Amino acid sequence: MKFWSYFADLTGCKEAEIELSDYTTLGQVHTIVLEQFPKLAGAKNSTLKAVGLEYEDDDFVLSDGDEVSFFPPVQGG
Amino acid sequence: MKFWSYFADLTGCKEAEIELSDYTTLGQVHTIVLEQFPKLAGAKNSTLKAVGLEYEDDDFVLSDGDEVSFFPPVQGG
Amino acid sequence: MKTELTISTAAINEAALAKRREMGKGMGAVIYFSGVVREIEGNAPITAIDYEAHEEMARHQFALIFDAVEKSWPVESVRLVHRLGVVPVNEPSLWVEVTAPHRAEAFDACQFLIDEMKQKVPIWKKPLPA
Amino acid sequence: MKTELTISTAAINEAALAKRREMGKGMGAVIYFSGVVREIEGNAPITAIDYEAHEEMARHQFALIFDAVEKSWPVESVRLVHRLGVVPVNEPSLWVEVTAPHRAEAFDACQFLIDEMKQKVPIWKKPLPA
């Protein structure tokens, strides 16, 4: 699990591992993350979520070894 | 009176002078030009007309010394 | 708004033009557009286009268009070069630079400028067949 | 469609990039867009912006956007450079070139590309206060 931009500042953490039960969805992981890092709660609705290099929805079912990223709205340019 | 682009080829003339009575309009001059240079008749409706450096409408009333230009649609770029 | 207009038979030196860019620290967007002569004109192969202008009227009409840009967008500067005479295939006949605080207004102003030019600036082209 | 993507902390050398332009003889339009760091960010004066990227994902998302451009417009080539790290005020963080047969498609593709980037490419900025 990786946090990018000011999400890493808010969590004090760039990278973390969590154990999940089978068939856990990306949305469920987000809920777990918000419990562990309550400072991300304010950004809950604007949080972008990716698995590997792709954006995924909350109902995306994670597999073993998936790298999940959480980050704020992007600002390239 | 000046003809530009292929209007000069069609008329065989880049510049001409005509005598006008008072209060002649630009549209009336266009009619005179079409009589004198019938090869311009096919382009009648797409002809652009300027007096000096400004586009003008057919009802524009000409004054002594006005330089009138007739030309096809512009193609800059 | 700063403006610079060049209408000339000289080849357009894009690199030299870009090098002379001056951009205030409040500006966030620059667009360059180059219009380049294509090898085909009206389905026929060509070697070049010969551009003719009613030059004095062209300068006046460009000035009117620049005024309209200034009234519509917070553009900092416009530089525009139109080449006249014979422009060979693959060389630019038109070069435009627009600088503005933000991207959207730079794009809008640049497109407006070129659209207006194509309606109003008395420049004509004669394709030279291959 | 030819594409070239550079994501790097090196300063963007617009002149060198423009010099390497390759344009087929059927192409009539080139657009360059440069996004430049402004001296004000969110109403506060700054000296620079520090850009961070999820670089691997950024490359992948740019590739998806390039694919979408290719499907939508007859664009010949796209070159895009995004600088990372500290970019001082008045220097470009983004440089884009689009070449296409005609102007309208070049403008549309270029604007689409930047709009999509601003939605999807994981790059973030941290303003460095003056």
Side-chain angles (χ1 to χ4, degrees), chain B residues 1-18 20 24-27 29-30 32-34 36-77, chain C residues 5-9 12 32-38 41-42 46 48-68 80-85 87 91-96 110-129:
Chain B
M1 206 164 60
K2 288 189 173 183
F3 299 107
W4 297 89
S5 181
Y6 63 81
F7 278 24
D9 302 332
L10 289 174
T11 58
C13 172
K14 278 177 180 287
E15 202 162 343
E17 299 223 345
I18 49 173
L20 300 175
T24 304
T25 65
L26 186 54
V29 172
H30 194 190
I32 295 167
V33 161
L34 293 181
Q36 197 166 342
F37 303 105
K39 285 189 178 168
L40 292 182
K44 185 183 176 207
N45 293 325
S46 61
T47 296
L48 298 177
K49 288 159 248 183
V51 179
L53 309 182
E54 303 285 356
Y55 291 100
E56 298 294 354
D57 292 331
D58 277 346
D59 54 9
F60 182 88
V61 176
L62 294 163
S63 308
D64 217 33
D66 275 347
E67 182 182 285
V68 177
S69 286
F70 293 90
F71 47 81
V74 303
Q75 303 170 295
Chain C
L5 172 66
T6 307
I7 298 177
S8 150
T9 55
I12 296 177
Y32 298 100
F33 174 80
S34 294
V36 175
V37 174
R38 302 169 69 205
E41 178 79 17
I46 63 167
I49 288 179
D50 188 359
Y51 284 91
E52 176 198 0
H54 181 337
E55 200 175 319
E56 197 187 350
M57 182 173 171
R59 288 181 189 284
H60 176 67
Q61 293 294 324
F62 269 128
L64 295 177
I65 297 169
F66 294 163
D67 287 348
L80 189 148
V81 184
H82 202 303
R83 187 172 170 189
L84 298 181
V87 183
E91 292 190 20
S93 52
L94 172 68
W95 181 91
V96 183
C110 188
Q111 287 175 282
F112 170 85
L113 189 63
I114 301 170
D115 287 339
E116 285 290 288
M117 176 194 77
K118 287 184 176 279
Q119 296 292 317
K120 295 182 181 164
V121 176
I123 297 177
W124 303 275
K125 47 191 195 184
K126 186 192 281 180
L128 304 183

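Just so it is clear, the model here is predicted, and its values are computed rather than measured. Proteins come first, then strands; the chains are lettered A, B, ... in the order of their sequence lines, and each starts at number 1.
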Side chain, backbone, both or neither: which part of [X] has an atom under 4.5 Å from a heavy atom of chain B?
X: L64(C); result: side chain
X: A53(C); result: backbone
X: Q61(C); result: side chain
X: E52(C); result: side chain
X: H54(C); result: both

Residue-level interface, residues 56-64 of chain B with chain C, non-hydrogen cut-off under 4.5 Å:
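Within residues 56-64 of chain B, no residue comes under 4.5 Å from chain C.
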When only heavy atoms count and the cut-off is under 4.5 Å, which of residues 69-77 of chain B reach chain C?
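Interface residues of residues 69-77 of chain B: S69(B), F71(B), P72(B), P73(B), V74(B), Q75(B), G76(B), G77(B).
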Other residues, nucleotides, ligands: >12 heavy atoms within 6.0 Å of K118(C) NZ:
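Yes, because the 6.0 Å sphere around NZ of K118(C) holds more than 12 heavy atoms from other groups.
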Using a cut-off of 6.0 Å, state whether more than 12 heavy atoms not belonging to E56(C) lie near its atom CD.
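Counting neighbours around CD of E56(C), 12 or fewer heavy atoms of other residues, nucleotides or ligands fall under 6.0 Å, so no.
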Give, for atom CG of L48(B) and atom CD of Q119(C), the distance between the pair rounded to the nearest 0.5 Å.
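The CG atom of L48(B) sits 9.5 Å away from the CD atom of Q119(C).
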